[in-house]
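Below is one structure; the comments refer to it alone.
Below, chain A is the first sequence line, B the second, and so on; all start at residue 1. Computed from a prediction, not measured in an experiment: that's the story for all the values here. Note: hydrogens, waters and symmetry copies are ignored here, and every other heavy atom, side chains too, is used.
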Number of protein chains: 2
Amino acid sequence: MARRNAKIIDPSGDLDARKASILEAVVAEHIDTAQPVGSTSVAHSRDVKVSPATVRSEMVTLEREGYLAQPHTSAGRVPTDKGYRYFVDHLKSGVMSSAQQHQVSEFFANVRGEVEDVLEQTSTLLSHLTNYTSMVVASGHSHATILSVQLVSMDARHQLLVSVFSDGSVIKHSVTSDFDATHEEVSEASRQLNALLLATTLETRVQVPSRTDHVATLIRESVSVLHAEKPTTDGEQVFIGGSSHVAEVFDGVETVRKVLGILEQELLVVTLVQDILDQGLSVAIGSEHGYEPLSSCAVIVAPVSIDGEPAGAVGLLGPTRMKYREALAAAGVVSQHLTRHFGGEDDLA
Amino acid sequence: MARRNAKIIDPSGDLDARKASILEAVVAEHIDTAQPVGSTSVAHSRDVKVSPATVRSEMVTLEREGYLAQPHTSAGRVPTDKGYRYFVDHLKSGVMSSAQQHQVSEFFANVRGEVEDVLEQTSTLLSHLTNYTSMVVASGHSHATILSVQLVSMDARHQLLVSVFSDGSVIKHSVTSDFDATHEEVSEASRQLNALLLATTLETRVQVPSRTDHVATLIRESVSVLHAEKPTTDGEQVFIGGSSHVAEVFDGVETVRKVLGILEQELLVVTLVQDILDQGLSVAIGSEHGYEPLSSCAVIVAPVSIDGEPAGAVGLLGPTRMKYREALAAAGVVSQHLTRHFGGEDDLA
DNA sequence: CTTTGGCACTCGATTCTACCGAGTGCCAAC
DNA sequence: GTTGGCACTCGGTAGAATCGAGTGCCAAAG
C-alpha cells in the first residue's frame, strides 16, 4: 500500500505493510527456534511474497531503524526489544486452545478454600498452562474496613490481636505488656477496641484513651501495632508458581540466578507488577520495566478487579522471546475468571 | 593403629586410620575443587604421610569397598554417597566464623514481628550464611488447643470463622449459609462456638446441636469446616530461602529444574524434612532420602523445639559435595537460636 | 525505480588431528 | 609393607581444515 513512501524513514515507528510482515516473520520464527533467522526462511514464510534478496534489503532498513539486530556479520537477524514491542503491539489477540479453556473453567468451577488458597492454586494453574513462571498479586487492604478486632490472651503478658477486614483478610499481631493482665482486663480491652475500630480503615486516626490503667494501656498498645502495619507492607500478597520453569526457559546460569534472585524478593515482584500496570502496559519487554537483572525477560500482566475496584493482577515472566500470543491469552483468560470468581456469587473471603 | 587388620575387608564399614585420612582428604579436596582428585594431591595433604603410590593402592581398596569412584580410567577419584556418609559421620563438628556467629546473634536480637515473619527471615538468614537454599519448617498445630473462635459476618450469607490457637496461630475459614443470617444469629453462634470449642484441639470430637434453626446450622457448618482442616495439611508452614542458590550450586539445567520443581511443592519439602528427621539423621546424602530427583543433593536438617516439644526444623539443601562442616554448623547454630528465641522470654505469637 | 537471481565473501560452528599431561596400574627394589 | 620408576590411558585443549548458512553487492530483468 504505502509503498511509495517506503523510503521515508517514519519516525512515528509505523512500518509499511511489507516491512511489518517481514518483521513479524522474523520475530515469529525466532520465538520458536531461538536462532537468528535468515532471509530465505523469511521469504518462504506466509505473508511474505518477495524474494530473499528483497527481504535482505528490507532487513538492513529494519536493522537501521532498530527493530532487528545482527549477532555478527553474516548471521541472521534477531529481534531487538523494539522489534518485540512492535510485534506485540500489532498482535491480533489469540485465543487459547479449547482444551486449555476447558481446563481453566474446570479449575474455577472446582476451587475451594480461602482466597489465599485460590490465588496460590491459580498461580500454579497459570504456570502449567504456559510453561512460564507466574505471579499472582493481591493488593493490600489499605481501604478495607475493620469488621472485628479481638484481643486474645496467650499468657499474662502476651496477647494476640486478631483483626478481620471487610475484604476477608485476617491479620494478627502480638501485643506484649510489661504487666500481668487479667483475663477480665483483656476482654474489656477487646470490647473497647472493637467499639473503637469498627468500620475504620488502617488509615483512620482514632482517639485512644490516655489513662494509664491496664485496659487503656492494652488498647493503646494494640492500636499502635495495628496501625504500624501500614507503612511496612501494604498487605499485598504474592504467589509465585512454576519457578522451575525459569531453569528451562532461560539459558545461562547467570540469568537463571538473577531471575530467581528477583523472584525471591516478593516486595520487588509486587512493585514490578504494579509499575507495569501503572504504565498502562500489559507487556513489559526487556528494559521497559527498568529492572536491569530482568533485561532479558518479558513480563505480562493482567489486572484483576473486584467490584470494579483494582484488586490485584496476574503475571507471567518469560524470556523476551516468549510465546506472547499464548501467554497473553492465558493471562487474560485467567484474570477474567478470577475477576468473575471474586466478583460473583461465590465466597468472598 | 589397627594396621595389621587392614587386609581384612571390614563389613561394618569402619576404616583403618590411613584409609580414613585418605578418604577424608579426597572428600575435602573434591568438595572445594569439584574435580576428581588424584593420588599426588592426597599424598601431599596434611594427615597423609605416605607416598602417592601407597595412596593409589589404598584408593583401589576404597573404590572396591564403595567409598570412591572413578569417572573413567586414569582420572582421579570422586567420593560416592557412601564416601560422603563416612566423611560426615566422622566430621569433628566445626564452628562458625565469629563474624557469622555475631551476625546470627545480631539477627535474633533484633528480629521483630510474628512467628511467620521471624521464620521467613530466618530462612533468608540461613541461606545467606551458607549460600545454599534453606528451608524452615514449622510443624502444624495438631495438638494446640483453641483459645478463641469467632464468627464474623461478612454479608448475610457469608461468615468468616476465625480461630486462635494456643501456639499463636490463627486460621480463618469462610462459612457460607443458604439462608440470610442476622447479626444477632451470627454473634449468638459465635458465642456458642466459643463455649463449645474452647480448650479443645482439632482432634477433639465435639457434640454439635442437631436443631435446624439458623444458629445451630451456623454452628454445625463452622465446626465442620474447622475440623476439615486437619486431613489436608497439618497446618505446617514452610519457608524457603535462597532458591536462587540452586542455580549457582548445581550444574546442569536439568538438575536445577528438578530441584526447583521439588522446592515448589511445599508439601513435599515438609515430608522430606520430616522423613529425614524421623530417620534420626541430620544429613541425608544422595539417595538416602529416597527422592530420586534429589539424588545429587544433600539435605541437612536440624530440629527446633519449643518447650521441649518438637516444633519444626531448619534445613539446608545443597549438592552432595556441599561444605558440610560449615553448613552443619550454621544449621545447628540457627536452630539453637530459634529454639531459644521461641522457648524464651520473647513473644510467643 | 523496484525486484530478483547470481556470486563472492564472511565467520561461527563443527569436525579432525595431534598432543599434552594428570593420573593410573604394575613391578621391581628397598 | 612401602616406595620410586615407568609404560599406558584417556579426557581436554589447541589448531587447522572444512562446512554452510547467511550476507552484501551488482547487474539484469521487469
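The side chain of Arg18(A) has dT3(C) as its nearest neighbour among dT4(C), dT2(D), dT3(C). Here the side chain of Val50(A) is nearest to one of dG11(D), dG12(C), dT4(C), namely dT4(C). Of the candidates dC11(C), dC10(D), dT3(C), the closest approach to any side-chain atom of His72(B) belongs to dC10(D).
Looking at residues 42-49 of chain A, you'll see that no heavy atom sits under 4.0 Å from any atom of DNA chain C.
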Polar-atom pairs under 3.5 Å, protein N or O versus N or O of nucleotides 24-27 of chain C: list them with distances, or write none.
from    : atom 1 : to       : atom 2 : distance (Å)
dT24(C) : OP1    : Ser39(B) : N      : 3.4
dT24(C) : OP2    : Ser39(B) : N      : 3.2
dT24(C) : OP2    : Ser39(B) : OG     : 2.6
dG25(C) : OP1    : Arg77(B) : NH2    : 3.4
dG25(C) : N7     : Arg56(B) : NE     : 3.1
dG25(C) : O6     : Arg56(B) : NH2    : 3.2

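Between Ala331(B) and Leu316(B), the closest heavy-atom pair is CB-CD1, 4.2 Å.
Among pairs with a residue in residues 23-33 of chain A, those fulfilling salt bridge (charged side-chain N to carboxylate O under 4.0 Å, His left out) read Glu24(A)-Lys92(A), at least two apart in sequence or across chains. Sorted by first and then second residue, the side chain to side chain donor-acceptor pair (under 3.5 Å) pairs with a member in residues 313-334 of chain B form an empty list; sequence neighbours excluded. Counting only residues at least two apart or on different chains, the salt bridge (charged side-chain N to carboxylate O under 4.0 Å, His left out) pairs with a member in residues 281-293 of chain B are Arg85(B)-Glu288(B).
By the side chain to side chain donor-acceptor pair (under 3.5 Å) test, Ser335(B) is found to be paired with no residue, residues two or more places apart in sequence or in another chain being considered. Every residue two or more places apart in sequence or in another chain was checked for a side chain to side chain donor-acceptor pair (under 3.5 Å) with Thr133(B), and none qualifies. By the side chain to side chain donor-acceptor pair (under 3.5 Å) test, Ser287(A) is found to be paired with no residue, residues two or more places apart in sequence or in another chain being considered. Scored by the side chain to side chain contact (heavy atoms under 4.5 Å, CB included) test, Arg257(A) finds Glu254(A), Ala247(B), Glu248(B) as partners (sequence neighbours excluded).
One atom, CD of Gln35(B), and another, P of dG11(D), lie 15 Å apart when rounded to the nearest Å. Spacing between atom CD of Glu29(A) and atom P of dG22(D) amounts to 9 Å, rounded to whole angstrom units. Note: CD (Glu58(A)) to P (dT4(C)) measures 11 Å, nearest angstrom.
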